[in-house]
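Below you'll find the structure, written out as structure tokens, and then a few comments.
Whatever order the structure lists them in is the order used to number ligands and atoms, beginning at 1.
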Amino acid sequence: MTINVEEMAVFCKRKGIIYPSSEIYGGLSGFFDYGPYGSEIKRNVVNAWWKEWVRSREDIVGIDGSIIANPKIWKASGHVDGFSDLILETEDGKEQIRADHFLEEQLGGNFDGVTSDEVNKLLKKHNLTLKGKKFKECVSFNMMFTTNIGPKQGNIGYLRPETAQIIFADFKLIQENARLKLPFGIAQVGKAFRNEISPRNFIFRSREFEQLEIEYFIHPKQTKCPYIDEVKDFSMSVLSAEMQEKGEKAVSMSVKELLKKKILQEWHAYFLAKNIKWFLKLGCNPKNFRIRQHLKDELAHYSSDCWDIEYKFPFGFKELQGVADRSDYDLSKHIKHSGKDLSLFDEETKSKVVPHVVAEPSLGLDRAILVFLFEAYNDDKKRGNIVLNLHPKIAPLQVAILPLVKKLDDESRKIFEDLKEDFNCFFDNGGSIGRRYARMDEIGTPFCVTIDFESLEDKAVTVRDRETTKQERIKISELKTYLRNKL
Ligand code: GAP
């Protein structure tokens, strides 16, 4: 990792990966557009995740719910009353800032869970101002975006602040349609919206983002995770609540040890380890990940325990993915508010049971993309250009077809037409071959195929590997198999 987040934003804009939204009108804070290469990366990350968590498993199914739902959902879930951050506004009303972030910057330490009274006292005690401006009283600010549903004014709707609630509201239908038996999970990928007081760090904290979420339901008595053996020997860097309270540093422990010391229970251990392993499988460095337990006053209103997978961003270790225990909080709330029976019949005890969400792995897609970009970014001084070492499954293009000169376009196009059936290909006949290689390195294309005059004779092409820059002569008839094996 060689650049900071601002430099990454500049790089992403320059290479067509991510732009500030509506830039011609001065942009809009907290909103971004994914460009030609960014939209491909995003699609690839979603596909890799969906394959891992939905298509490869018998116990998890996916849904695609609506962004605006009956507002009663958000009343029942507690978001209308409790989904807020504390805001500080300057006396002239010109500047607003999130109170916990402001205190963190001014006083150091962690102010998650701080109350408005405590903030007001701290402001007074330390005589804190923003560029010399005093603050009004600290108040809480609901982060849900509102809209009007239909033509009648006053019919308030909310843009969903998490994808999770749609899963809870549809729980019974999904369970019946997919004939699911506990334990099982329901996954969803989609947009979420939060009116963040101070969006920051590029796509790390934005107002419109995407989540990759799973609600994993168990019988409340099923404490054993049948998949735990898959991860028992896996080691992670761990920072429990107790360690934080004692001021200790994170230490590496295997899942076996974590279970033995009762730092984690089986389900949580499984989901935390398995999620980190997914990032490692896609080329990330294990040293940049750790798991951190929430302190009691940090927990969200629905959560009884929560561990975050944190990533070492250039601006510090920060939350990449939350894995919360939501117990029966949500289903019970929806049973109460809707009057509908969302319990399941337990064959063993011949009684009804409200399943518990023992783990809710909730990953921010944009944060995951930021991780992959930081991991991949390499300012290669020897080559004289940036190389984005993205895993081939995530890279926006897989193969570039480069005729050495324009005269070879026809022959090259034939190869392009053939390969594009199987790979995401790009045809580029403009500029020197060195410049074209560099352009492909910068957006992470794993392979470049060059067609030269000899190709007309020997029916072979030169394949260049992005990572090593090694070149190999491959028969055109064997090219597809060669690339398939490599990719
Ligand atoms: N359903 C649980 C839930 O929404 P969360 O910790 O509030 O939990 C889950 O959010 C994940 O969504 C976070 O770990 C983060 O990756 C992502 N996320 C949350 N707020 C975000 C924001 N403002 N911008 C980008 N990603 C965000």
For this session: For atom 25 (C) of ligand 1, state which one of Phe204, Phe202, Tyr311 supplies the nearest heavy atom.
Result: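 Checking each option, the heavy atom nearest atom 25 (C) of ligand 1 is found in Phe204.
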Please work out whether the ring planes of [X] and [Y] are parallel, tilted or perpendicular, with thresholds of 30° and 60°.
X	Y	result
Tyr37	Phe426	perpendicular
Phe289	Tyr311	perpendicular
Phe11	Tyr377	perpendicular
Trp267	Tyr216	tilted
Phe145	Phe193	perpendicular

For this session: Taking the side chain as every heavy atom from C-beta outward, state whether Leu128 and Phe102 have any atom pair closer than 4.5 Å.
Result: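 Yes; the side chains approach each other to less than 4.5 Å.
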Problem set entry | Beyond-backbone contact of Asp100 with Leu86, side-chain heavy atoms, under 4.5 angstrom |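 With C-beta onward as the side chain, the pair stays apart.
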Enumerated ligand 1 atoms positioned under 4.0 Å from heavy atoms of [X]:
X	result
Glu213	1 (N), 2 (C), 3 (C), 4 (O)
Gly322	14 (O)
Gln321	14 (O)
Glu162	1 (N), 2 (C), 3 (C), 4 (O)
Glu360	1 (N), 2 (C)

Residue, atom name and distance, where the atom is the protein heavy atom closest to [atom]:
atom	result
atom 24 (N) of ligand 1	Ser206 N, 3.0 Å
atom 7 (O) of ligand 1	Arg194 NH1, 2.8 Å
atom 17 (C) of ligand 1	Gly364 CA, 3.6 Å
atom 15 (C) of ligand 1	Arg367 NH1, 3.4 Å
atom 12 (O) of ligand 1	Gln211 NE2, 3.3 Å
atom 9 (C) of ligand 1	Ser362 OG, 3.0 Å
atom 18 (N) of ligand 1	Phe209 CE1, 3.5 Å
atom 8 (O) of ligand 1	Tyr302 OH, 3.6 Å

Check whether [Y] forms a cation-pi arrangement with [X] (NZ or CZ under 6.0 Å from the six-membered ring centre, at most 45° off the ring normal).
X	Y	answer
Arg367	Phe204	yes
Arg194	Phe209	no
Lys318	Phe313	no

Exercise. Does Glu319 reach ligand 1 with a nitrogen or oxygen that is under 3.5 Å from one of the ligand's nitrogen or oxygen atoms?
Worked result: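 Right, the criterion is met.
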Exercise. Considering distance alone, does some N or O of Ala164 sit under 3.5 Å from an N or O of ligand 1?
Worked result: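 No, Ala164 has no N/O under 3.5 Å of an N/O on ligand 1.
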Exercise. Is it the case that more than 12 heavy atoms not belonging to Lys172 sit under 6.0 Å from its NZ atom?
Worked result: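 More than 12 heavy atoms, drawn from other residues, nucleotides or ligands, come within 6.0 Å of this atom.
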Exercise. For ligand 1, which part of Arg205 has a heavy atom less than 4.0 Å away: the side chain, the backbone, both, or neither?
Worked result: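 For Arg205, backbone and side-chain atoms both sit under 4.0 Å from ligand 1.
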For this session: Report the part of Arg207 in contact with ligand 1, treating N, CA, C, O as backbone and CB onward as side chain, heavy atoms under 4.0 Å; options are side chain, backbone, both, neither.
Result: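 Within the 4.0 Å criterion, Arg207 makes no contact with ligand 1.
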Exercise. Would you call Glu91-Lys133 a salt bridge at under 4.0 Å N-O?
Worked result: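 The answer is no: the pair does not qualify as a salt bridge.
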Problem set entry | Any Arg326 heavy atom less than 4.0 Å from ligand 1 |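 Yes.
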Exercise. Is ligand 1 less than 4.0 angstrom away from at least one heavy atom of Leu320?
Worked result: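 The answer is yes, since Leu320 has a heavy atom less than 4.0 Å from ligand 1.
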